[in-house]
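First the structure, in the form of structure tokens, and then the observations on it.
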There are 2 protein chains.
Amino acid sequence: MENLLTIQEMSRLTGLSAHTLRYYEKVGMLEGVSRNEQGYRAYSEADVSWVQFLVILRELDIPIREMKRYSDLRSQGPSTVHERRLMLEAHQSRVQQQMRKLGDNLGKIADKIQYYKGMEEEVEAGIK
Amino acid sequence: MENLLTIQEMSRLTGLSAHTLRYYEKVGMLEGVSRNEQGYRAYSEADVSWVQFLVILRELDIPIREMKRYSDLRSQGPSTVHERRLMLEAHQSRVQQQMRKLGDNLGKIADKIQYYKGMEEEVEAGIK
DNA sequence: GGTTGCATTAGAGCGCGCTCTAAGCTGTAA
DNA sequence: TTACAGCTTAGAGCGCGCTCTAATGCAACC
């Protein structure tokens, strides 16, 4: 029916280690992963999409606790769509603010780099 | 001569806790902080600028180890200006890449938010 | 003299997100 | 038959960046 994936294949597709995939499952962010005859995890295509989404959340520095909360809402079905949207919007603006801060700080670093360049040129000139 | 600051004033000016200020000094990122008659730290204006710069580095997610390395170079004087610039440039491009990644992921989150909005409207329409 | 308040130190403790270990099971190949 | 590869689990361990604790000291005020 479905073509199911081993943990190694899942690892390759998501960039998460097998250890981390088991850990995510253990903390409750991955429910209903099926097993084959040998008791090995057998991930569906839907599992892949979900884990890839988790990876995005993680890359946005959303804490595991929050991701777990989001997963729980998702498990409860469509009635939680509004709350899920609010969570995403909250993180969206947090990350936007963080990006502004990074931009500001990058500017200050750029200034410092320019200042250093000036110093390096002076030293060169001095040597001559 | 100089007007020197207590650790509390330094804390207020930099946003770092007194604990953290002592920690930064202990790991070697703040050398030559003077003391008053009672043995209390007495920070100079130059110390303030330096700590504020450390805060910027920290906000750019530069590890303490790297910041310590940078501090050591700075202590060695102007001969290390070139190496310091290279460090800053390396982090600059790392952060730029990270910001691009954040932007991409924010886009995906925005899509999801739109998708949820659609679902919420459908539910409303369905109820009517 | 006693209390309050603010500082000092060395070192312990903590929350986070993994990351790894040990012991065990199953199927395949030599 | 034996070795190996790949998976399973519970739980220990780790690196990071703080954050806090306990014991102590000193100056000012009641």
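Within every chain, numbering begins at 1; the chains are lettered A, B, ... in the order of the sequence lines, protein sequences first and strands thereafter. What you see is a predicted model, and the numbers here were worked out from it, not measured in a lab.
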Exercise. Of A:Arg58 and A:Glu37, whose nearest nucleotide on DNA chain C comes first from the 5' end?
Worked result: A:Arg58
For this session: List the protein contact pattern of nucleotides 2-8 of chain C with one symbol per nucleotide (5' to 3'): B for base contact, S for sugar-phosphate-only contact, - for none; contact means a heavy-atom distance under 4.0 Å.
Result: ----BSB
For this session: On DNA chain D, reading 5' to 3', which nucleotide is the first and which the last to sit with an atom under 4.0 Å from a heavy atom of chain A, could you check?
Result: D:dG6 to D:dG11
Problem set entry | Nearest-nucleotide comparison on DNA chain D, the residue closer to the 5′ end among A:Lys26 and B:His19 | A:Lys26
Exercise. Any chance the side chains of B:Arg35 and B:Tyr40 put a donor and an acceptor closer than 3.5 Å?
Worked result: no
Exercise. Measuring from A:Glu31:CD to A:Glu25:CD, what's the distance to the nearest 0.5 Å?
Worked result: 9.0 Å
Exercise. Which distance, rounded to the nearest 0.5 Å, do you find between the CG of A:Leu16 and the CZ of A:Arg58?
Worked result: 10.0 Å
For this session: Please lay out, stage by stage, how B:Lys112 and B:Lys108 fare under the test side-chain contact (heavy atoms from CB on, under 4.5 Å).
Result: CA-CA 6 Å; B:Lys112 191 107 183 176; B:Lys108 290 173 191 162; over 6 Å; no
Exercise. Pairs in or reaching into residues 59-69 of chain B: which pass side chain to side chain donor-acceptor pair (under 3.5 Å), with residues at least two apart or in two chains?
Worked result: A:Asn105-B:Glu59, B:Glu66-B:His91, B:Lys68-B:Asp72, B:Arg69-B:Glu83
Problem set entry | Aromatic plane relationship, A:Trp50 with A:Tyr70 - under 30° parallel, 30 to 60° tilted, over 60° perpendicular | parallel
For this session: Would you check, one step at a time, whether the test salt bridge (Lys or Arg N to Asp or Glu O under 4.0 Å) holds for B:Glu121 with B:Lys117?
Result: CA-CA 6 Å; B:Glu121 280 167 24; B:Lys117 278 187 181 166; over 6 Å; no
Seminar exercise, completed: Looking only at heavy atoms, the pair that brings A:Leu54 and A:Met67 closest together is O-CE, 3.5 Å
